[in-house]
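From a predicted model like this one, the values you see are computed outputs, not experimental measurements. Reminder, nothing fancy here: chain letters follow the sequence lines and each chain counts from 1. Side-chain atoms are counted along with the backbone in the values below, which use heavy atoms only and exclude waters and symmetry mates.
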Number of protein chains: 4
Amino acid sequence: MARAKDENKVIAIYEATLKLVLENGFTGLKMSKVAKEAKLATGTLYIYFKDKEQLINALYLYIKTEQTKQYFWDYSETDSFVSNFRKLWFRVVEVGMKQPEYAIFMEQYYRSPFIKEDSKVQGEALISPVYQLLERGKAEQLIKDIPLELLVCQLLGATNELINLHQEGNFKVTKVHLEAMFKMSWDAIKN
Amino acid sequence: MARAKDENKVIAIYEATLKLVLENGFTGLKMSKVAKEAKLATGTLYIYFKDKEQLINALYLYIKTEQTKQYFWDYSETDSFVSNFRKLWFRVVEVGMKQPEYAIFMEQYYRSPFIKEDSKVQGEALISPVYQLLERGKAEQLIKDIPLELLVCQLLGATNELINLHQEGNFKVTKVHLEAMFKMSWDAIKN
Amino acid sequence: MARAKDENKVIAIYEATLKLVLENGFTGLKMSKVAKEAKLATGTLYIYFKDKEQLINALYLYIKTEQTKQYFWDYSETDSFVSNFRKLWFRVVEVGMKQPEYAIFMEQYYRSPFIKEDSKVQGEALISPVYQLLERGKAEQLIKDIPLELLVCQLLGATNELINLHQEGNFKVTKVHLEAMFKMSWDAIKN
Amino acid sequence: MARAKDENKVIAIYEATLKLVLENGFTGLKMSKVAKEAKLATGTLYIYFKDKEQLINALYLYIKTEQTKQYFWDYSETDSFVSNFRKLWFRVVEVGMKQPEYAIFMEQYYRSPFIKEDSKVQGEALISPVYQLLERGKAEQLIKDIPLELLVCQLLGATNELINLHQEGNFKVTKVHLEAMFKMSWDAIKN
DNA sequence: TATGAATGAGTGTTCATTCAT
DNA sequence: GATGAATGAACACTCATTCAT
């Protein structure tokens, strides 16, 4: 875990790591390159993180926390389901498109030998509000009565792919496209 | 006459590689482990594949070809759009759930430093019938008039996540669930 | 501050390499053995030299420079030709007999796949004073009017073999022998 | 040792080996490449030679024998010393310039880990007539009274270098040059 | 704390040699 | 005998981690 010494360095390390994972996946990720990218000596990295595994798991939690903050900062549970669903859907897509590294990292993390079960569980707990919202939609009979897991597949599968499509850069995603994608997702789950 | 080069060995190598990628991602993929898993000496690997990069790209093409065969073996373009769409959707899911390694490998491949542009292009060409089918659906005004790329995000995003869900093993996907997922996908794109 | 890069290590590596080439030629030259002989970890070698090729070419230049220094450190172009010729001839032989590894290395280097043309050219430029001296001898009509290349064959061929003879150890080369050899060389070229 | 089965193959193997040593030294010498160059399967090589070491030592003896044959085929011990010396000197140079691979191979052989003492001794015995001739010259007081080893250094050092010079190809060695070189060698040793 | 040289186990790959055909 | 696929020990080189400064 990062010591409180220099929070800026921790962030620099996270960003360096994300940049490199974006470029080459976990396979090309070398501690020395992370250090260089973060403008640190290799040894300094090990002051902040015990080893590579810890860096990666800490980064995972950092990303999950960041994403959650950005998803929910102006979220009000008292708003209507439909309003909240729409807000959240667009938030997920916007955040993902702004920081595609996050999604890429996640994808690789789940299949890596670095993953630690408790970090994973901890990270996933952070997005429980998403599950709660969908539960509420079901309770209010606004969306289909289908296991949450499947609804999440449907919704996040589509948004993730959309983020990838944007990141690859061969297709320019416009406002109109976003509305069309949202419409499809809504049509998919609505009752 | 010496022993003849053995096509079975190529398949054994592919399967060993897939198994290992499934377990640990590309990061944990070691040529010596592939050899051991395929019950070969390390050197033998290099008779069949020049290097790791070539193995991975060849495997990518193999998977794409296999998938395509399984998707389309009894496919008839003269059937109705709706019938074909349904058949293809289920085929994609069934194949994916039977061989989740394929999807996992693909995911990692696209972010790896091994990817060779021309292999990628070649592989992607194989699934053009999917694009053609959706094009036809649009022409017949049965599905929404939205760029193909977005329709594909919506559909394959969802099926990929479903395959992952199945593969993780924490949620048992039943026939009923499949029908529900299909319904969502269809509702998402239908006109 | 970390440890500073250590010039002594470079020398230690050179000496280790020379020792091993002397024993087994380039064929038996292994980076791990060089490291062990120089009392370093394998990886340390690669801090100082990018790869084996670079080590070998750097060592070639080092040897050429060392030899040149030793040949010419008290050399004065204003002395008479005969005096200079004699001094240089004995210097070449003394240096060669003191460090037979140098000659052995050179021999192998020229036939190795490691040789880089520009290193070779650079190294050969260092001994141009030898050529200049012989040119002067020709101009002063003290030695035969024969292409320099042939004079050099005659002279260095003999000295190299003498060095080999000494190095093999089956024949003890004395002062008297040296004088005899010098006499032969001089008789060979003198006008 | 080669079995008597197919003498042509043995020669083909020798020539292939020589060609490859000429190109890259012993370092680049691979049994599989020798086989390919000799238009044989790798395994076939091992029918004729037990291993690499044996091939190299057999080849050494082959070369020494060939050279000797070519040096002495029309040699008559009853001719005068001077006539024989001249004939032999030119023979050595001609043979060396015609087959520079021989000299290159020898050079590398003596510093390789493949060398076997008894092969070396056996090979060197073959050129004893050279020693005998010089002994006779000394007895007849035609050449300097100097240890044979030194005379050989002087003479063969120069011829070897001349052969190298020719082989490198940057200097065209003419008849006139040969006469000049011979003159130098003779002046070096004559009484 | 920060540095980056040093370490050495581990990786991809080669190649002498064997062996099934 | 001839073949060339198979083997696996070894080698060049890398990189996570340590440690002297």
Touch class at under 4.0 angstrom, heavy-atom based, for C/F49 against every strand present: nothing

Sugar-phosphate, base or nothing in reach of D/K9, heavy atoms under 4.0 Å: sugar-phosphate

How long is the line joining [atom1] of [X] and [atom2] of [N], in whole Å?
X	N	atom1	atom2	result
A/I47	E/dG4	CD1	P	12 Å
C/L40	E/dG8	CG	P	10 Å
C/K36	F/dC11	NZ	C1'	14 Å
C/L55	F/dC13	CG	P	10 Å
A/N8	E/dT1	CG	P	16 Å
A/K39	E/dT3	NZ	P	13 Å
A/Q54	F/dT17	CD	C1'	14 Å

Enclosure of D/K36 NZ (heavy-atom neighbours >12, cutoff 6.0 Å): no

NZ (A/K19) with more than 12 external heavy atoms under 6.0 Å: no

Could you list all N or O pairs between the protein and nucleotides 11-14 of chain E that sit under 3.5 Å apart?
unit_1	atom_1	unit_2	atom_2	d
E/dT11	OP1	B/K30	NZ	2.8
E/dG12	OP1	B/L29	O	3.3
E/dG12	OP1	B/K52	NZ	2.7
E/dG12	OP2	B/M31	N	2.9
E/dT13	OP2	B/Y46	OH	2.8
E/dT13	OP2	B/K52	N	3.1

Heavy-atom closest pair, residues B/S119 and B/Y109: CB-OH, 3.6 Å

Atom of B/Q167, atom of B/P100 and distance for their closest heavy-atom approach: CG-CB, 3.2 Å

Note, B/L55 side chain near B/M31 side chain (heavy atom, < 4.5 Å): yes

Side-chain touch A/E37/A/E15, heavy atoms, less than 4.5 angstrom: no

Stems where DNA chain E pairs, listed by first number, each of three or more Watson-Crick or G-U pairs under 3.5 Å: E:2-21 with F:2-21

Proximity of B/Y14 and B/F49 rings by center, below 6.0 Å: yes

Side-chain donor-acceptor contact under 3.5 Å, A/Y60 with A/Y110: yes

Side-chain N or O of A/Y48 closer than 4.0 Å to phosphate OP1/OP2 of E/dA2: yes

Residue mapping more 5' on DNA chain F - nearest nucleotide basis, D/A41 or B/L45: D/A41

Interatomic distance, A/Q67 atom CD to A/Y62 atom OH [nearest 0.5 angstrom]: 11.0 Å

